[in-house]
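None of the values given here were measured: they were computed from a predicted structure. Just so it is clear: chains get the letters A, B, ... in the order the sequence lines come, proteins before strands, and each one is counted from 1.
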Amino acid sequence: MTTTIDTASGPATPPAAPGGKPPVVRRRTEGGAVRHTGRTKVLVLVGLALFALYSLAPVWWLLVAATKGQRDLYTTNGLWFSEFHLWDNLRDLFTYQDGIFLKWMGNTLFYGFAGTIGMTVICVACGYGLAMYEFRGRGILMGCIIGSFLIPGALLTIPSFLLYTDLRLIDTPWAIIVPGFFNAFSVYLAKVYAEGAIPPELLEAARIDGAGEYHIFFQIGARLMSTGAATIFLLGFVGAWNNFFGPLVYLRSSEKWTVMLGLYSWLKVKVDSSVDLTGLVVVGSIVSLIPMVVLMISMQRYWRSGVTLGSLK
Amino acid sequence: MAVETPASPRGIRLPWRRVMALKGASFTFPFFLGFLLFTVVPVVIALKESLYTEQGSGLGFGAKTVEFTGFDNFVRGFEDAKFWSAMGRVALFAAISIPLIQLTSLGMALLMDMARARTAGRFRIALLVPYMIPGIVATLIWIYIYSPVVGPLTPILGFFGIDVNFYSGEMIWVSIGNLMAWSAIGFNMLILYASLQSVPRELFDSARVDGASEWRMAWSIKVPLVRRSLVLTTVLSIIGSLQIFSDPMLFRSMTPETVTRDFTPIMAIYDWAFAQGDFNYAAALSIILALVVGIASAIFYRLTNKAPTS
């Protein structure tokens, strides 16, 4: 029991907070204790720099390519700019097939927000229930959650397709949104977080004051879990934005597609016909990243704590 | 705290503890209802469907006869050479790529941990950029980078006299592996780095006082400390790799000859279900794949847990 509480206290105080200077950071920079030789230091920096280059270069290529006209894309150096065509490319992107790209972006945002908000509410409540109450069957429920991590998504796809066909969900947004509500990993994160963030004494005190259990959840539990909930939301949203297999299998009509499915369909066109959509795919890829990057940057501290939350198990 | 409520609204006397437990359990009801419908029911359907075989035309869902054929689909699956060669391809790929990705992630995490906190903070953002890129876009980027027509890689390598076709049969797994490494290493590294950071610094200070070098400390103290995280990320990678789908699917758009439609097990399952319309057989193959994934994860877990723990 103590271990779970220890691990869960991690996310509340993420290590190496960006601005603050927690005492841990003073290591090794202190005068006497430094044993770094110059060689080690150089090796560390070179290693990190090389890897940073590897991480960033492909994205750099994408940024450069998006500014080029179709012909320059094939003829000029991929790593440097030539004539600046970004605005033309964007106009092409948003006008192609009556602006279907914008529709895809809207769909993805809608599926992402609707699915992830519902998922966060349901999974945080479930995690809170599992962490804060003793009831019969709790062990079995926890077992189901851990066990379901091992179920490969592949096993579920075919039967889900048959099930959704019976439920008349195929080719409706609900086939993407509703199943996303029930994410076992989010429940697990919520439970770990609740154990660390909510002192049971506080709930006891509220009970003595006569508060009902639901009232306590909304007034105390949910508030103390807000950081954890934000983390769960963020990780869920990333997952929803990346979802490819689901829309590919469950959505038929192109006006319901997500951005990722749309870009895939454009990539496929290149093989099937003489039309070349490479330029559109490149600039579309960049535009599809924007909501993600905005969300990630604005919620930085949450996903950092999310990573820590996942790591300490 | 063993106080009993005087009278519950409905007039039945329930012990206060039981009411509370029930209310607590009710927080979990919505999730487990959905879990039942969207996870348990599909598993049951898969088990059931795999035991039946559709006879006749196989057009649509209307007039078809479905017969109980027992384990026929499984026998067929176990004898399906194409499915198993797909499985073998992916297993070999996983066996090579996962250790490489894990070792690199560990190496990067150790380097980050050796660097000064401010330097590490700056690099962390750069190393995490690939994590912010959705998988499909990452694949698209690399497909173009590999491309002999638009990509910069072929001319650069050509300059050094190296002539590679990234889409060829020999190179395709290297190409896919590099793409997966690019997407995965940053995130794995951050997980490992976070668990290194959570180690009390006094441990390192005392090792340093005892005269241990940075490299010695990395090997003898830090690596054992992050073993649990390594095991976790490895199991997740095994589960993920055996189910690889979208990356080869996108590569297929570029080189349909190299990346066949049953290139990976999931692609084969997808093809059977949605191109050939044989859901029963696809369900059986899904179950076989699930078994393989489960066994592989279990073996790995057993092997790593036999070694002495930290």
Side-chain angles (χ1 to χ4, degrees), chain A residues 10 15-16 24-25 27 29 35 40 44 47-48 51-52 55-56 58-59 61-62 73-74 78-79 122-123 125-126 128-130 133-135 141 148 150 152-156 158-160 162-163 179 181-182 187 213 241-242 244-245 260 267-268 271 281 285 288-289 292-293 296 307-308 311, chain B residues 20-21 23-25 27-28 30-32 34-35 38-39 41-42 45-46 108 111 114-117 123 126-127 129-130 132 134-137 140-141 145 149-152 186 190-191 194-195 197-198 201 208 214 229 239 243 245-246 250 253 266 269 273 279 282-283 286 289-290 293-294 297:
Chain A
V24 242
V25 183
R27 64 194 174 119
T29 46
R35 276 186 53 98
T40 307
V44 167
L48 286 174
F51 198 74
S55 300
L56 294 177
V59 182
W61 176 85
L62 185 71
L73 200 57
Y74 288 95
L79 296 175
I122 288 173
C123 293
C126 183
Y128 172 84
L130 287 172
Y133 295 91
E134 298 274 349
F135 53 87
L141 295 185
S148 71
L150 281 176
L155 177 58
L156 297 177
I158 306 300
S160 299
L162 299 174
L163 176 69
F181 287 171
F182 312 103
V187 173
E213 300 303 318
W241 199 262
N242 286 333
F244 174 71
F245 202 40
M260 294 303 148
L267 183 74
K268 260 192 345 188
V271 201
V281 176
S285 297
S288 82
L289 296 180
M292 206 57 173
V293 171
M296 288 260 197
V307 168
T308 326
S311 75
Chain B
M20 203 180 91
K23 282 189 172 174
F27 285 111
T28 68
F31 174 79
F32 281 103
F35 184 75
F38 292 107
T39 305
V41 168
I45 295 180
M108 295 318 295
L111 286 186
M114 282 183 196
R116 287 171 44 193
F123 276 110
L127 301 190
V129 164
M132 291 190 205
I136 300 298
V137 174
L140 289 173
I141 296 178
I145 290 181
V149 244
V150 282
L190 195 74
I191 289 184
S195 43
Q197 291 279 302
S198 67
R201 289 290 136 184
R208 219 169 273 133
E214 287 296 323
S229 302
I239 297 175
Q243 299 188 68
F245 176 77
S246 60
L250 263 71
S253 309
I266 304 270
I269 291 171
F279 285 98
S286 308
L289 177 61
V293 171
S297 313

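Looking at A/Leu289, only its side chain comes within 4.5 Å of chain B, counting heavy atoms on both sides. Contacts between A/Met260 and chain B at a heavy-atom distance below 4.5 Å involve backbone atoms as well as side-chain atoms. Interface remark: B/Leu111 contributes backbone and side-chain atoms alike to the contact with chain A (heavy atom separation under 4.5 Å). Contact annotation for A/Glu213: both backbone and side-chain heavy atoms come within less than 4.5 Å of a heavy atom of chain B. Of the two parts of A/Leu130, the backbone and the side chain both hold a non-hydrogen atom closer than 4.5 Å to a non-hydrogen atom of chain B. Only the side chain of B/Phe32 comes within less than 4.5 Å of a heavy atom in chain A; its backbone stays farther off. Contacts of B/Ile239 with chain A are made by side-chain atoms alone, with heavy-atom separations under 4.5 Å and no backbone atom involved.
Ring planes of B/Phe27 and A/Tyr128: perpendicular class, angle over 60° (limits at 30 and 60°).
Put simply, of B/Leu289, B/Leu140, B/Thr39, the one with the most heavy-atom pairs under 4.5 Å next to chain A is B/Leu140. Among the candidates A/Ser148, A/Ser160, A/Gly129, the residue making the largest number of heavy-atom pairs closer than 4.5 Å to chain B is A/Gly129. Across B/Ala282, B/Gly24, B/Ser286, the residue that shares the most heavy-atom pairs under 4.5 angstrom with chain A is B/Gly24. Looking only at heavy-atom pairs under 4.5 Å with chain A, the residue among B/Ile136, B/Val129, B/Ile45, B/Val41 that has the most is B/Ile136. Chosen from A/Pro58, A/Ser285, A/Gly47, A/Ser288, the residue pairing most often with chain B at heavy-atom distances under 4.5 Å is A/Pro58.
Scanning all heavy atoms of the two residues, the minimum distance from A/Asn242 to B/Gly135 falls at OD1-N, 3.5 Å. A/Tyr133 approaches B/Met20 most closely through the heavy-atom pair CD2-O, 3.7 Å. Across all their heavy atoms, B/Pro134 and A/Trp241 have their closest contact at CG-CD1, 3.7 Å. Considering every non-hydrogen atom in both A/Ile158 and B/Ala273, the closest pair reads CD1-CB, 3.3 Å. A/Phe135 and B/Ala21 make their closest contact through CB-O, 3.7 Å (heavy atoms, listed as atom of the first residue, atom of the second, distance). In this structure, A/Leu155 and B/Ala46 approach most closely via the heavy-atom pair CD1-CB, 4.1 Å.
When side chains are defined from C-beta on, B/Ile266 counts as touching A/Phe245, because their heavy atoms get closer than 4.5 Å. For the pair B/Phe31/A/Cys123, a side-chain contact is recorded, criterion being any heavy-atom separation below 4.5 Å from C-beta on.
A/Ala52 is linked by a side chain to side chain contact (heavy atoms under 4.5 Å, CB included) to B/Phe123, B/Ala126, B/Leu127, counting only residues two or more places apart in sequence or in another chain. Remark: A/Phe181 pairs with no residue by the ring-ring contact (aromatic ring centres under 6.0 Å, His included) rule, at least two apart or across chains.
A distance of 7.0 Å separates CZ of B/Phe38 from CG of A/Leu163, quoted to the nearest 0.5 Å.
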